[in-house]
Asker: 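Right, I'll just put the structure down here and ask away after.
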Amino acid sequence: MLFKKYEGNPILKPNKENEWENRCVLNPSVIYDEEMKKFVMIYRAGGNDIRHQIVFGLATSDDGFHFKRELDYPVFAPERSEADGGCVEDPRIVKIGDLYYMTYVGRAYAPGRYWLEPWVEGVSKPPMYLDNLDIRGEIMPELIKDNTSATYLAVTKDFIHYKKFGRITEANVDNRDVYLFPELIDNKFVVISRPKFKDKGLKMPSIFISKTEDPLVYNEPKLLMTGETNWEVQRIGGGTPPIKTEKGWLMFYHGVDKNGTYRVGIVLLDLNNPEIILKRTKDYIMEPDQDYEKSGIYDGCVFPTAAVLKDGVIYMYYGCADEYVSVATCKLKDVLDYLETI
């Protein structure tokens, strides 16, 4: 495979001493902070509690492999009375100007122990609406009634203190895998998303792109790419905020096959107009082939969520089986050379 998986994987495991992260840690955002001279990871975490309240933890590293938890408590968590009060999931962070912009998935209600409870999404409701803060009624917004995913935006300067800006995607469409480009193009924010549209004639959830002058205004997205080959016939979605290279914007994405296995592909987008695809891998470049990727809360999953370019090397961070965090590396030159062969 093009990328080499770190022999010390997983680099982050559940912490049995903390109730809020004793079941799973996964799908991190990782960025290299030039002032701190450290890799900074914001990771999704959840415990074994009946609500499975999902929060974010903070860890840092000097070398990109060995991460140290900085706090014994969540660095970012939902307030149960807020719109995203059920959970926060899958952060993606980019630096624009002097701010770090963090997109994340939110739900009105916690998902419950979905790996145990016998419920079907969209058909039967999980049995965790237990108190007066989990209010539901016959007539409610679709987002609340169906506990649908939406994407929210927050900003930070120090990874400790955050300002929530609110929801940035549609109120009636399940939309996740949303992130910003790390710079403005033609004075506009560029947004990658994966809305589950019901009226676009698509066979599967697919990757869309949009441009906006204000990150809180989600303009009508355009289809960027949909599944084409057998490893991505069920759905595809964005993975890592793109890396700017001399050849184009380099982005890793995930595809899901008919059996539900998650794999990783690469797409290269035009620097001036990222709606144009320059290169796209036909075959996957990484798949779950290790025990920690093949067996867990979700069997058979490598889910890329961050890519850091440091000293000519790409560090790709990914969630494993919805339970762990791992990393794989490759020289940027080798990735670009590989794409030239396509």
Asker: Looking at Leu271 and Glu246, what are the two nearest heavy atoms and their distance?
Answerer: CD1-O, 4.0 Å
Asker: I would like to know whether Thr151 and Arg167 meet side chain to side chain donor-acceptor pair (under 3.5 Å); could you show each step before the answer?
Answerer: CA-CA 6 Å; Thr151 296; Arg167 178 174 55 81; over 6 Å; no
Asker: For Glu19, is the CD atom crowded, meaning more than 12 foreign heavy atoms sit under 6.0 Å from it?
Answerer: no
Asker: Indicate if Leu2 and Leu336 have the same hydrophobic cluster label, given that clusters are the connected sets of ILVMFWY residues with side-chain heavy-atom separations under 4.5 angstrom.
Answerer: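 Yes, Leu2 and Leu336 fall within the same hydrophobic cluster.
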Asker: Does the distance from a Lys or Arg side-chain N to an Asp or Glu carboxylate O, for Glu21 and Lys16, drop under 4.0 Å?
Answerer: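 A salt bridge is absent here (no side-chain N lies under 4.0 Å from a carboxylate O).
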Asker: Assess, by modelled atom type and distance only, whether the side chains of Asn187 and Glu213 contain a donor and an acceptor separated by less than 3.5 Å.
Answerer: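 No - no donor-acceptor pair under 3.5 Å links their side chains.
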Asker: Are the side chain of Ser29 and the backbone N or O of Ile93 linked by a donor-acceptor pair below 3.5 Å?
Answerer: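 Flag set: sc Ser29 to bb Ile93 pair under 3.5 Å.
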Asker: Suppose we screen for salt bridge (Lys or Arg N to Asp or Glu O under 4.0 Å). Which residues come up paired with Lys188, at least two apart in sequence or across chains?
Answerer: none
Asker: Any ion pair linking Asp337 and Lys331 (charged N to carboxylate O, less than 4.0 Å)?
Answerer: no
Asker: Between Asp84 and Lys164, is there a salt bridge with N-O shorter than 4.0 Å?
Answerer: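 Counted as a salt bridge, because a side-chain N and a carboxylate O are separated by less than 4.0 Å.
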Asker: Does atom CG (Asp72) have a neighbourhood of more than 12 heavy atoms from anything else shown, all under 6.0 Å?
Answerer: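 No - once you tally the heavy atoms of other residues, nucleotides and ligands closer than 6.0 Å, there are 12 at most.
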Asker: Is the closest basic N to carboxylate O distance between Arg176 and Asp90 below 4.0 Å?
Answerer: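 Yes, Arg176 and Asp90 are salt-bridged.
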Asker: Without hydrogens or angle criteria, can the side chains of Thr148 and Asp146 be said to hold a donor-acceptor pair below 3.5 Å?
Answerer: no
Asker: Please enumerate all residues that pass ring-ring contact (aromatic ring centres under 6.0 Å, His included) together with Tyr218, with sequence neighbours excluded.
Answerer: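 If we apply the ring-ring contact (aromatic ring centres under 6.0 Å, His included) test to Tyr218, skipping adjacent residues, there are no hits.
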Asker: What residue among Glu232, His254, Glu287 forms side chain to side chain donor-acceptor pair (under 3.5 Å) with Arg263?
Answerer: Glu287
Asker: Would you find more than 12 non-hydrogen atoms of other residues, nucleotides or ligands less than 6.0 Å from Asp291 atom CG?
Answerer: no
Asker: Show me the pairs that pass side chain to side chain donor-acceptor pair (under 3.5 Å) and involve residues 309-321, at least two apart or across chains.
Answerer: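 For residues 309-321: Glu293-Tyr318.
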Asker: Is it the case that Arg92 places NZ or CZ above or below the six-membered ring of Tyr179, under 6.0 angstrom from the centre and within 45 degrees of the axis?
Answerer: no
Asker: Does Lys95 NZ have over 12 foreign heavy atoms under 6.0 Å away?
Answerer: yes
Asker: Hey, which of Tyr73, Tyr43, Phe76, Trp20 is the one that makes side chain to side chain contact (heavy atoms under 4.5 Å, CB included) with Val55?
Answerer: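 Going through Tyr73, Tyr43, Phe76, Trp20 one by one, the side chain to side chain contact (heavy atoms under 4.5 Å, CB included) with Val55 is satisfied by Trp20 alone.
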Asker: Do other residues, nucleotides or ligands put more than 12 heavy atoms under 6.0 Å from Glu183 CD?
Answerer: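 Above 12, so yes.
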Asker: Do Arg194 and Tyr253 have side-chain N/O donor and acceptor atoms under 3.5 Å apart?
Answerer: no
Asker: Looking at Lys38 and Asp62, does any basic side-chain N land under 4.0 Å from a carboxylate oxygen?
Answerer: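 Yes.
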